[in-house]
Protein chains: 2
Amino acid sequence: MAIEKKSDCVILGLLSHEDLTGYEIKKRMDTALKYFWGASYGSIYPALGDLVKRGLASKRDGAENNRNKIIYSITEDGRNYLKGWLANPVEKDELRYETLLKLFFGHEAGVEQTLAHIEAFEEKISKELPFLIGATEVLKKGISEDDTHKYYLLTAEFGVKTYQAYLEWCREAKAILKEERG
Amino acid sequence: MAIEKKSDCVILGLLSHEDLTGYEIKKRMDTALKYFWGASYGSIYPALGDLVKRGLASKRDGAENNRNKIIYSITEDGRNYLKGWLANPVEKDELRYETLLKLFFGHEAGVEQTLAHIEAFEEKISKELPFLIGATEVLKKGISEDDTHKYYLLTAEFGVKTYQAYLEWCREAKAILKEERG
DNA sequence: GGAATAATATATCACTCTGATACATTTGTC
DNA sequence: GACAAATGTATCAGAGTGATATATTATTCC
């Protein structure tokens with residue numbers, strides 16, 4: 001039983017919604033998926049070529065003017081492959097926060113530097129949270145028109161809930177660090 | 001200005017607390033750090049060799065009986081390297097949750113399968129949360145004895161706060177999905 | 001006492017993915 | 001009309017994973 005390569009699965013997932021170019025796939029990664037997944041050009045373009053070779057996607061020329069443009073579609077086999085992967089249990093959920101790593105070694109850096117890392121994290125999250133909240137509101141309105149919106153909403157709500165928890169933690173963490181300061 | 005390799009930094013961070021073997025480093029990764037970082041043998045052993053070559057760590061023979069055992073220590077240069085990295089701003093905090101990826105493409109899989117993924121996630125988190133809570137309690141007690149405990153506590157509290165948010169989200173997500181079912 | 005299993009310990013390798021870069025054109029802005 | 005930003009495809013060195021190989025010691029169970 002072949003274990004699915006993640007980059008294949010995300011790309012097929014995106015192609016299951018609409019035909020896309022490699023560039024557009026990258027844009028989806030950096031917007032809709034960015035809060036829980038990522039992929040670089042270095043994985044997208046080779047994967048696309050490979051998917052076509054294996055008959056899971058097809059490509060057609062979408063050139064306009066002088067711009068070369070290759071539009072990819074999912075095939076019947078590709079859709080079955082995607083469904084097979086979706087039916088399997090999740091293998092790994094991974095969090096890799098450099099902020100927490102630096103905090104863990106905070107004894108070496110001292111209270112001031114550690115506080116600065118927390119504050120930078122807090123600012124980043126505070127700036128992004130409104131976009132996530134905005135996304136959930138848009139999705140909630142469109143939920144009856146398009147069934148996919150319901151599933152997008154699940155992931156956006158996850159973002160909102162966790163980001164709110166992060167901000168709560170920031171306040172608590174700063175308090176813990178400041179407790180014994182002069 | 002050399003950009004630090006993450007595997008070097010984690011290892012030096014762990015060695016800044018105590019001398020360790022490669023095997024022990026891996027164990028720390030799988031216990032204390034597992035909620036926000038990870039590393040495999042395939043990155044640890046080569047990195048250790050490299051750190052010694054660059055003078056950031058030193059090794060000594062710690063063989064007992066017939067077991068070969070190499071104990072690594074951080075050097076003065078290594079500690080400075082670590083401090084330099086800690087002083088720099090965080091480059092990337094990354095979340096990579098296959099569960100959310102499968103949810104995002106849930107339209108293709110259907111409500112039942114998507115619910116199953118959420119329930120599996122909920123169970124996994126429910127099982128791990130007590131350990132995190134236990135860790136915070138132990139750390140809180142020892143906070144006055146050992147300064148490092150304060151920093152460990154920050155990361156453990158992060159785990160507790162986010163895991164509780166995950167469980168809240170699970171309840172909400174299941175409700176959203178069940179709304180329109182027969 | 002002896003067998004089986006788990007834990008300790010080091011190390012490598014194929015494969016995947018990232019981050020950077022190269023290149024070329026088109027669209028938008030001032 | 002100049003300049004910057006966006007669109008588009010593609011590759012490559014380096015980093016990291018997951019699996020595997022190998023060997024010894026400690027523990028458990030009968």
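We name chains A, B, ... by the order of the sequence lines, and we start the count at 1 in each one.
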N/O-N/O pairs, protein side and nucleotides 5-9 of chain C side, under 3.5 Å:
from, atom 1, to, atom 2, distance (Å)
C/dT8, OP1, B/K27, NZ, 3.4
C/dT8, OP2, B/Y23, OH, 3.0
C/dT8, O2, B/R67, NH1, 2.5
C/dA9, OP1, B/K69, NZ, 3.0

Next item on the list: Return the orientation label for the B/Y166 and B/F121 ring planes: parallel under 30°, perpendicular over 60°, tilted otherwise.
Entry: tilted
Check: Does B/S43 place a side-chain N or O at less than 4.0 Å from the phosphate oxygens OP1/OP2 of D/dA15?
Finding: no
Check: Whole-Å distance between D/dG14 P and B/K6 NZ?
Finding: 17 Å
Note to self: Once salt bridge (Lys or Arg N to Asp or Glu O under 4.0 Å) is applied, do any residues pair with A/E94, and if so which ones, sequence neighbours excluded?
What the structure shows: A/K92, A/R96
Checklist line | Spacing of A/M29 atom CE relative to C/dT18 atom P, expressed in whole Å | finding: 9 Å
Checklist line | A/Y81 six-ring face occupied by A/R54 cation (under 6.0 Å, within 45°) | finding: yes
Checklist line | Separation of C/dT18 P from A/L33 CG (nearest whole Å) | finding: 12 Å
Next item on the list: Report yes if the distance between the aromatic ring centroids of B/Y152 and B/H17 is under 6.0 Å, otherwise no.
Entry: yes
Item checked: N or O in side chain of B/S7 less than 4.0 angstrom from D/dG16 OP1/OP2 -> yes
Next item on the list: Look at all strands and tell whether A/K59 reaches a base, only sugar-phosphate, or nothing, counting heavy atoms closer than 4.0 Å.
Entry: nothing
Next item on the list: Under 4.0 Å between any heavy atoms, over every strand shown, what does A/K26 touch: base, sugar-phosphate, or nothing? Just pick one.
Entry: nothing
Notebook entry, point to check: Starting at CG of A/L20 and ending at C1' of D/dT9, how long is that distance when rounded to a whole Å?
Noted result: 15 Å
Next item on the list: For the residue pair B/F158 and A/W169, categorise the inter-ring angle as parallel (less than 30°), tilted (30 to 60°) or perpendicular (more than 60°).
Entry: perpendicular
Next item on the list: Rounded off to whole Å, could you give me the CD1-to-P distance for the B/I3 and D/dA13 pair?
Entry: 18 Å
Checklist line | Length of the CD1-P vector between B/I44 and D/dT20, whole Å | finding: 19 Å
Check: Given the rule in the side-chain contact (heavy atoms from CB on, under 4.5 Å) test, do B/K174 and B/E122 qualify, once you have shown the distances and angles that lead to the verdict?
Finding: CA-CA 10 Å; B/K174 286 190 290 182; B/E122 190 173 27; 2.9 Å; yes
Note to self: With a cut-off of less than 4.0 Å, is there a side-chain N or O of B/R96 near OP1 or OP2 of C/dT18?
What the structure shows: yes
Next item on the list: Nearest whole angstrom, please: distance from the P of D/dT9 to the CD1 of A/I25.
Entry: 9 Å
Margin query: Tell me the interatomic distance from A/D50, atom CG, to D/dT9, atom P, rounded to whole angstroms.
Written below: 17 Å
Item checked: Cluster overlap A/V90 with A/L86, hydrophobic side-chain contacts below 4.5 Å -> no
